[in-house]
Each structure stands twice: as structure tokens, then as C-alpha cells.
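Quick caveat, the model's predicted, so the values are computed rather than measured. Letters A, B, ... mirror the listed sequences (proteins, then strands); counts begin at 1.
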Protein chains: 2
Amino acid sequence: MDEIRRDFENEDVQNRLLDAAEKLFCEKGFARTSVRELTTEAGCNLAAINYYFGGKEKLYTEMFRRQFQMMIQGHLDTIDQVMCEGDVSLEKLLKVIIEPPIRRAVANETKGQILKLLVREVMDQKIDPEYVVKDMKEKFFDRLGSVFMQLVPGLPEERIALIVMSFDGVILHPFLFMEFYQKTMPDLTIDELVNHIVRFVAAAIRGYASPAEKEAG
Amino acid sequence: MDEIRRDFENEDVQNRLLDAAEKLFCEKGFARTSVRELTTEAGCNLAAINYYFGGKEKLYTEMFRRQFQMMIQGHLDTIDQVMCEGDVSLEKLLKVIIEPPIRRAVANETKGQILKLLVREVMDQKIDPEYVVKDMKEKFFDRLGSVFMQLVPGLPEERIALIVMSFDGVILHPFLFMEFYQKTMPDLTIDELVNHIVRFVAAAIRGYASPAEKEAG
DNA sequence: TGACGTTTGAAACAATCGTTTTAGTTATTA
DNA sequence: TAATAACTAAAACGATTGTTTCAAACGTCA
């Protein structure tokens, strides 16, 4: 009676609800999205969310968990793929990491909004932060840091974590402020944006490896 | 009867409501903060918000407008002050811009949460985006860009706006993910964080000015 | 077919939301 | 002091929220 169904036989309704959750929660956030909107978007009955997931919050958690894992796994695959190739460089790695999601974001696909979802989650903390922190750090950031060190000899190991953080900040920015970019730089192309980020981050990391003396002082 | 009071004689209740709004909206966002929480925090009656501001959203708008202008003006003052001194450098400018707000954020003061409020606003867009975009760009970002060009000769002018954006991304990151920083790097000091950001951004900007040929490729 | 477990539909639930109303209190001014 | 405006207090309002209920419909296997 009070057991949540988990048969995965007729996943149609469940998947449609997960899709609707991804779309609406990304766009408007958790609080401003009602279960009536979700079920309407999914084309199912109002009670379906409670029937299949046990509540609005459980649906959110399930959706977030999936998207989050998918994002991390996608990045790990990208890194592995690039590192296996012969002509690997820092610039090339940065480019393949940031370009696909940026293109998706500009195309306004749902997948491009996942980073917004992540930021919302960090702010609102509906899910156990330990879970998000642990996976994000141990799986992705640590891997990225070791690759940076591999590609750019001379990086101070004790600062690697901070470097990865700042890199994350740079790539996160256009996702959060996409409208701002488009309004203040209407002629900006995706290539220009991608090239800028690559150049900016690469310069920062390489500058870190070969510390320059202060000028103009 | 239906006119909103704007006497500014007894500003006690109004200011207490604005303070409560700043605190609670920053912490929990607009939707998850109720007028009952706000009036309790402010120590006034439930109807006071509608009486003085005309509604919950008007209170939010008024609070945001004030905080936003205060933040921009503070940054402009900081820039002007630094640029007037004799031994001005890019590193010094970066340091004085980012250090005070970071210290406030670590101390968990309300003022340190304003950037979170800004990000929330960009996501939810309760206020006319034109207003935020216009002031942010014309008053602050343009000034910052011109100062960067002044301090670092050789910066490509057509990329200045993007450089400022990426700089914003780097400094925004620790504010959004402060808990993440503290959990994954518990021994990190504020000085180390500030020095890292200065070094990272300075390297990025200087590297932009003197384009390096790609290595390892 | 008949019975049973699963899924759906529509209505109703209690709780909370922002806002309004109304009466009462305080302050101000003539 | 009387009258008017400014403010506060408490209750109630209508709307919306997430959730629950329960009967009808569906699918499956005897």
C-alpha cells in the first residue's frame, strides 16, 4: 500500500516524469515548479508522482542523481578519450571539455541547463551535500587536477585543487549568465567564446607553472 | 487607503523589514521565504510588508535594488582608490577587489551573501533583467575592463569584455561553493585563497596580453 | 471468463501561502 | 481636548500547494 513501485516494467510514465522534472526544475527551480505543472508536462495524472516516486522531493532527488552522474561520467569519458590520443595538449583538453556543453546551452537544450541545476542545488541543498561534494571532488575534480599536472609540468601540487576550482568558475560563468553574454555581446560567436575560455584558462594555468615576477610595481 | 506609505519618518519597521529580507532572501531564496518568517524576523506584524512595501515582491525588489547599488558603488570606490595610489599594479587591484568580500563571506556575514542573491536573481529573474544588466555592465564591468587595459598594455580590446566575465567567474566561485571549499580543503586559509585567485587571474590576463605559442602539440 | 494485482482518474484533503479586512491603538495637529 | 491621520494587531480571505483517497479501468494469469 505504502510501498513505492519500482518495477521498471512500464517506465513510460516514470521516464516522462523524469524528463518533465529535468526540464521544469532546471528552468524554474524546485519551489516554483508545482506537481500539477510536472504531471501536465509529462502528460499523466496528478497522483502519478506520489505513486511512482513517493513525492515531489523524491522525484527531484532521483532526477538530480541521474543527471549529476551522467554529467560526471560524460566529463570523465571525454578526458579519457583526449588523453589517449597522441597530440594531447592543455588547450585541446580544455576545448573538448567546455565546447559541447556550451553549444548545448546556447542551443537552449535541456542538457545545457544542468549546471544551473547544480548551482541551484548547492544553494538550496535539498540533497545531502556530502553526496554531491564527494562525487564531484573524488570523481571529477581530482581527475582533472591530475591531468592538469600531467599536461603542465611545474604546477604546484598544493594548489591544484584551487586551480581546478577557478577553472570551474570560468566555465560555469557563461552558463549562469548566458543572457548577459548575449545582451552585452550580441555578435559573440560560440567559437569566440570557447577560444576565449581556452586561452584564458590555459594562460592562467601555464602562468601558475612558470611564476612570473610582478611587473609595473 | 491603497497608497503605499513612503514617509521615511519612522523607518524602524521598514529598515527592519529590509534587513530581514536581506538575511532571509539571501539564505533561502525568495520562494522558500514566507512573509510570516520575514515579519517574525523583523519583529513586526504580518500586515506590515503589504502596508509599507505593497507586497512581498516589492519588498524583495527594494532590498535587491539597494544591495545591488551598494555593491557596485563599493567596487567602484575601491577601484578609484587603488588607481589613485602610486604603486598600482594588476595584482594589487585584484587583491583589494576580492579580499574584503571573501573575508565577509567566510565570516558568514550577511553582506557576504549578496553575490548568492545576485546569482539567484539572474536565475529567477524577478526584476527586469535590463536594469541589472545595464548597471552591472555600464557601471562596473566597463570600468573594470578599462582599468585592466590601463594596467596591462597589449590586451586585445575586443576581448576585454570576455576577460572581465571570466574574472567574474573566478571570484564568484568561492562565494557559491564556499562549503565545498571548506569541506574539500579544510586547512585552506583566506590568505591562500585570495593569493591563489590573484595569481590565477593575473596569470590569465598577462598571458592574454603576451600570447604564448602552444606547447606540447 | 473470473479474479487479482497494477495503474489511472478525479475529487477531496489539510496545510500554507500572500493578501485583505476590520478594529483598535498611537501620534499629530488645530 | 477633539479630530484626523498614521500605524499596529489579529483574524479571516481566497488561492494554491503537496498529498491522499477511492473507485474505475486495465492487464495478466488461472
Tell me whether the side-chain N/O atoms of A:Tyr52 come closer than 4.0 Å to OP1 or OP2 in C:dT8.
yes

Value in whole Å for how far the P atom of D:dG27 lies from CG of A:Asp12:
13 Å

Sequence neighbours excluded, which residues qualify as side chain to side chain donor-acceptor pair (under 3.5 Å) partners of A:Asp80?
A:Arg143

Consider the side chain of A:Tyr51, meaning its heavy atoms from C-beta on, and name the nucleotide among C:dT6, D:dA10, D:dC7 that approaches it most closely.
C:dT6

is_close_aromatic(B:Tyr131, B:Phe64), centroid dist under 6.0 Å:
no

Given atom CG of A:Asn50 and atom C1' of D:dT20, what is their separation to the nearest angstrom?
8 Å

Qualifying salt bridge (Lys or Arg N to Asp or Glu O under 4.0 Å) pairs with a residue from residues 98-107 of chain A, counting only residues at least two apart or across chains
A:Lys95-A:Glu99, A:Glu99-A:Arg103, A:Arg103-A:Asp191

Going by side chain to side chain donor-acceptor pair (under 3.5 Å), name the residues that satisfy it together with B:Ser34, two or more places apart in sequence or in a different chain.
B:Glu37

Touch check for A:Ile49, heavy atoms < 4.0 angstrom, all strands: base, sugar-phosphate only, or nothing?
nothing

Can you sort out the partners of B:Asn195 under side chain to side chain donor-acceptor pair (under 3.5 Å), two or more places apart, ordered by chain and number?
none

Whole-Å distance separating the NZ atom of A:Lys126 from the C1' atom of D:dG18
12 Å

Out of D:dT8, D:dA11, C:dG9, whichever nucleotide has its closest atom nearest the side chain of B:Leu46:
D:dA11

Of the candidate nucleotides D:dA9, C:dA12, D:dA6, which contains the atom at the shortest distance from the side chain of B:Asn45?
D:dA9

Residues two or more places apart in sequence or in another chain: which of them pass side chain to side chain donor-acceptor pair (under 3.5 Å) with B:His173?
A:Asp168, B:Tyr181

Can you tell me which nucleotide in D:dA12, C:dG18, D:dC7 comes closest to the side chain of B:Lys56?
C:dG18

For DNA chain D, the residues among residues 21-42 of chain A that have a non-hydrogen atom under 4.0 Å from it
A:Thr33, A:Ser34, A:Val35, A:Arg36

Does the Lys NZ or Arg CZ of B:Lys56 fall within the cation-pi geometry relative to B:Phe30 - under 6.0 Å from the ring centre and within 45° of the axis?
yes

Can you tell me the distance, in whole Å, between the CZ atom of B:Phe53 and the C1' atom of C:dT19?
16 Å

When we call it a touch if two heavy atoms are under 4.0 Å apart, what does A:Ala48 touch: a base, just sugar-phosphate, or nothing?
nothing

